[in-house]
Amino acid sequence: MKRRILLIGVILFIGLNLMLIYIDDNGKVNRVSYINEWVSSFEADMVEQMDAIGVLSAQTEEHVYFDKSLGSFEEFLVNEGDDVAIGDPLYAYRVHDYYETETKLISEMEKVKEEISSIELAINDMQMYQIPTIPADPTSNFNITEDHFELQVELPDSTKEAEVLRQQYLVDLEKELAQKNAEVLYIESQLETLRANSDMITVGSPYEGKIQDLSVSLEDPVLTIQSEELNVTGELTEDQHKKVKTGFKANVTLNEEEMHGTVSDISHSPKAIDVNKESIYSFQVSLNDEVDQTNIYPGYHTDVSIILEESIGTTVLKDSAVFMDSIWKMSEDGKLTKQIVETGLSMDNLIEITNGIEMGEMVAQNPDKQFRNGAKFITPLKIKQLTWDSLGLDKSNWKKYLVTGLISR
Amino acid sequence: MTYYTNPISFFRAADDHIHRIIKAEQIVNLWRVCFFLVIFSMLIYGWTAYLGVGSNLISEQAVTLSNIDYEVSKFWFIIGRFLWGLIFALFILFIPSLLYYLLTDIPYQKLLIMQQIVLVVLLVERLIWVPMALLIGLDWYVSPLSFGVIASYLTDTSWIIYFFGTISLFQIWVIWFQAKYLISLSQSKKYVVWLNVILLHIVSWCLVTVIAFADSYLINGWFN
């Protein structure tokens with residue numbers, strides 16, 4: 001009888017304790033958290049990529065036309081597949097009227113030469129122009145007007161901005177100058193052929209590249225010249241189109257070789273608009289200058305992976321250490337605290353942490369059943385981390401740890 | 001008659017064993033059992049430390065030490081626990097028996113048998129602390145088998161919680177067992193025995209409380 005009462009008393013006692021522990025929301029009872037696995041946050045480069053497929057194609061395709069009123073077509077001087085440089089003879093035709101053509105060519109050349117001198121003057125003016133150091137009134141503009149040229153200048157707000165703008169204008173002007181100079185040469189060569197052959201004009205190629213198409217029937221365009229430079233063309237679905245912008249970096253993979261490029265163009269309207277059909281948009285990736293373009297030809301299919309977003313050198317944790325949007329941080333006084341974090345990109349099984357943790361802080365990993373906020377934590381020994389060297393008696397505070405082992409209960 | 005020391009069978013038929021002990025003139029196997037109990041104690045303390053139980057003070061260094069150094073600190077902690085297992089077993093076996101020997105007229109060897117049983121029970125208590133810490137997250141002083149939980153609700157003062165946390169069901173059983181054993185074997189008056197046993201335990205509880213309260217101060221004081 002006494003035994004039974006005793007047994008019931010003991011069970012009640014234990015039950016009471018367990019209940020008190022269970023209903024303890026205010027942390028009256030000190031707890032302990034057992035952490036089996038833990039890691040530190042580290043630095044990594046994270047990217048969010050979108051995969052697409054593309055095909056290599058020539059970057060530009062230029063067309064050459066023949067104006068039948070100029071003369072009668074004599075012959076082609078190139079074949080399909082030939083490489084041509086600027087000025088290489090493409091075709092020859094007999095002029096209907098020698099003197100008329102000669103005069104036309106000469107006047108064209110004069111015109112272009114005048115344009116050239118205008119540009120040169122403008123360049124000169126621009127280089128001589130003193131940018132005022134005091135910020136000028138932004139509304140005051142001025143015009144440079146020459147015979148065939150007009151340039152409107154808007155004064156910018158600051159000296160630095162002005163300098164940048166000036167350089168930019170100069171670059172643009174010099175580009176135009178080069179183009180006009182090339183045009184002069186082209187007309188000159190035509191004149192030469194005309195005068196040499198008295199009625200035949202050889203037309204030189206205005207573009208550099210490879211002859212893609214030659215129309216034997218003289219249908220316009222009579223010649224199509226493709227540039228040597230290749231880029232990648234591909235298609236995007238509507239969803240993909242929303243996420244990609246020009247300027248995004250892209251990695252193009254062909255036969256396991258990776259090439260780097262940038263998204264240079266995205267079409268604004270799809271190939272066909274139909275409510276019942278999917279909208280497909282085309283995009284282009286231009287390859288970076290350092291990419292080796294030997295042995296790759298138009299028509300080769302490639303895998304394209306467009307980088308939508310990237311964070312370089314950011315704080316990162318394994319995804320087994322992030323629970324919803326909080327982490328369990330192991331703090332310096334031996335306690336485990338729950339910390340809310342803001343996350344960024346995720347890649348493989350890593351998650352970027354944008355806010356809430358510094359580099360190198362320790363957090364506890366799965367499983368999290370024993371994690372309690374504010375509780376002291378205990379960890380088992382990880383033998384694999386020990387080295388024979390580190391156990392040397394001069395290597396650590398071993399006496400302190402030994403005594404801790406002695407006086408703990 | 002000869003009594004063969006065997007703690008395991010003692011638990012199955014305690015009264016019978018006590019009768020035989022009273023009548024015994026010769027006790028066999030005593031030192032072998034002591035030896036094995038000491039080894040067991042060391043193993044148990046080493047294993048629980050390997051799991052990390054009781055290593056809160058070490059955890060405070062977890063973040064500041066490198067990964068290797070943290071593990072090294074735990075290694076030495078485990079060595080310390082091994083040593084404590086040795087000291088603990090030797091103490092529990094030989095010191096209270098000495099005290100009771102001085103207090104009563106019971107032969108020392110027979111008191112050793114009593115303490116062997118006590119040591120077994122205390123080691124079981126420590127084994128139970130393992131799932132308590134690992135699965136429920138409770139340290140020894142808030143074990144549901146002790147008065148520490150209730151004390152936690154009634155106060156925030158740490159040493160009071162430690163003191164009442166030391167008083168566990170196992171401790172109470174040990175008091176009862178020792179009293180019963182001593183009364184059976186000696187001619188002393190019952191209330192004297194009870195008084196002595198309870199007083200002894202209260203003193204040991206106080207000691208444990210003091211060390212538990214001051215542990216981090218002691219270590220920092222000695223080593224920093």
Side-chain angles (χ1 to χ4, degrees), chain A residues 10 13-21 24 27-36 38 40 329-336 360-362 369-372 375-387 389-392 395-409, chain B residues 45 49-65 67-84 87 133-150 152-153 156 161 166 169 208 211-212 215 218-219 222-224:
Chain A
V10 163
F13 175 69
I14 299 179
L16 172 71
N17 277 331
L18 287 174
M19 192 198 67
L20 284 178
I21 293 169
D24 174 33
K28 283 197 188 292
V29 180
N30 286 341
R31 303 302 287 272
V32 150
S33 283
Y34 176 66
I35 302 179
N36 203 354
W38 63 99
S40 297
K329 215 192 269 196
M330 291 156 78
S331 68
E332 274 189 13
D333 53 358
K335 293 207 179 133
L336 192 65
E361 286 200 289
M362 284 165 77
K369 206 158 165 278
Q370 292 298 322
F371 297 170
R372 296 175 186 87
K376 286 241 159 111
F377 62 85
I378 54 174
T379 60
L381 179 75
K382 298 283 176 195
I383 298 187
K384 292 207 182 99
Q385 300 255 7
L386 290 175
T387 61
D389 204 40
S390 59
L391 294 179
K395 287 285 166 55
S396 62
N397 243 341
W398 64 274
K399 285 192 196 147
K400 178 172 169 181
Y401 307 135
L402 196 93
V403 172
T404 312
L406 279 178
I407 69 174
S408 299
R409 187 165 195 230
Chain B
Y45 269 100
Y50 170 78
L51 291 172
V53 178
S55 66
N56 330 3
L57 291 174
I58 300 287
S59 299
E60 285 171 18
Q61 305 261 327
V63 180
T64 48
L65 292 174
N67 275 345
I68 298 183
D69 286 338
Y70 181 46
E71 299 303 319
V72 167
S73 74
K74 280 192 262 180
F75 175 81
W76 289 110
F77 172 78
I78 294 174
I79 301 291
R81 293 302 255 162
F82 254 123
L83 279 181
W84 171 247
I87 297 174
L134 264 50
L135 298 178
I136 318 181
L138 294 168
D139 216 343
W140 62 265
Y141 57 92
V142 280
S143 154
L145 301 174
S146 74
F147 286 87
V149 180
I150 301 175
S152 299
Y153 265 85
D156 278 332
I161 299 177
T166 332
L169 293 176
V208 169
I211 296 184
D215 54 11
L218 284 174
I219 294 194
W222 287 337
F223 290 104
N224 280 353

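Sequence lines set the chain letters: A, B, ... in the order given, protein chains first and strands last, and positions in each chain run from 1.
The main-chain N or O of A:Ser408 is found under 3.5 Å from a side-chain atom of B:Arg81 such that the two form a donor-acceptor pair.
The heavy-atom pair separating B:Ser152 from A:Lys28 by the smallest distance is CB-O, 3.5 Å. A pairwise comparison of heavy atoms in A:Gln370 and B:Leu134 identifies CD-O, 3.1 Å as the closest pair. B:Val142 approaches A:Asn30 most closely through the heavy-atom pair CG2-O, 3.4 Å. Between A:Ile378 and B:Ala133, the shortest heavy-atom contact is CD1-CB, 4.3 Å. Of all non-hydrogen atoms in B:Pro144 and A:Ile21, the two that sit nearest each other are CB-CD1, 4.2 Å. Of all heavy-atom pairs between A:Gln385 and B:Glu71, the closest is CB-CG, 3.4 Å.
Of the two parts of B:Val208, only the side chain, counted from C-beta on, holds a non-hydrogen atom closer than 4.5 Å to a non-hydrogen atom of chain A. Of the atoms belonging to A:Lys369, not a single heavy atom falls under 4.5 Å from chain B. Proximity to chain A is limited to the side chain of B:Ile211, based on heavy atoms less than 4.5 angstrom apart. For B:Ala62, the parts lying under 4.5 angstrom from a heavy atom of chain A are both the backbone and the side chain. With a threshold of 4.5 angstrom between heavy atoms, A:Ser40 does not approach chain B through any atom at all. Using a 4.5 Å cut-off between heavy atoms, B:Ala49 makes no contact with chain A at all. Residue A:Asn36 does not touch chain B at all, counting heavy-atom pairs closer than 4.5 Å. Only the side chain of B:Leu169 comes within contact range of chain A, with heavy atoms under 4.5 Å apart.
In this structure, B:Leu218 CG and A:Ile407 CD1 are separated by 5.0 Å, a value rounded to the nearest 0.5 Å. Of the inter-residue distances, the one linking B:Phe77 atom CZ with A:Lys400 atom NZ reads 13.5 Å to the nearest 0.5 angstrom. Once rounded to the nearest 0.5 Å, the distance linking CG of A:Leu402 with CZ of B:Phe75 reads 10.0 Å. Here CG of A:Leu406 is found 11.0 Å from OH of B:Tyr45. Values are rounded to the nearest 0.5 Å. To the nearest 0.5 Å, atoms CH2 (B:Trp76) and OG1 (A:Thr404) are separated by 13.0 Å. Here the CG-CE distance, from B:Asn67 to A:Met362, works out to 6.0 Å after rounding to the nearest 0.5 Å.
No side-chain heavy atom of B:Val53 sits under 4.5 Å from any side-chain heavy atom of A:Val32. With a 4.5 Å cut-off on side-chain heavy atoms, B:Ile79 and A:Tyr401 do not count as touching. Considering only heavy atoms from C-beta on, B:Ile136 comes within 4.5 Å of A:Arg31 through its side chain. With contacts defined as side-chain heavy-atom distances shorter than 4.5 Å, the pair A:Leu16/B:Val149 does not qualify. Side-chain contact between A:Arg409 and B:Tyr141: absent, with no pair of heavy atoms (C-beta onward) separated by less than 4.5 Å.
A salt bridge is defined here as a Lys NZ or Arg NE, NH1 or NH2 lying under 4.0 Å from an Asp or Glu carboxylate O, and B:Glu60 with A:Lys376 meets this definition.
When the candidates A:Gly15, A:Gly334, A:Gly360, A:Ser33 are compared by the number of heavy-atom contacts under 4.5 Å with chain B, A:Gly334 comes out ahead. Comparing A:Lys335, A:Glu361, A:Glu332 by heavy-atom pairs within less than 4.5 Å of chain B, the highest count is held by A:Glu332. Top candidate by heavy-atom pairs under 4.5 Å with chain B, chosen from A:Thr379, A:Leu386, A:Ile35, is A:Thr379. Of the residues considered (B:Ser146, B:Gly137, B:Ser55, B:Gly148), B:Gly137 shows the highest number of contacts with chain A, using heavy-atom pairs under 4.5 Å.
Aromatic ring centroids of B:Phe147 and A:Phe13 lie under 6.0 Å apart.
Within a 6.0 Å radius of CG in A:Asp333, other residues, nucleotides and ligands contribute more than 12 heavy atoms.
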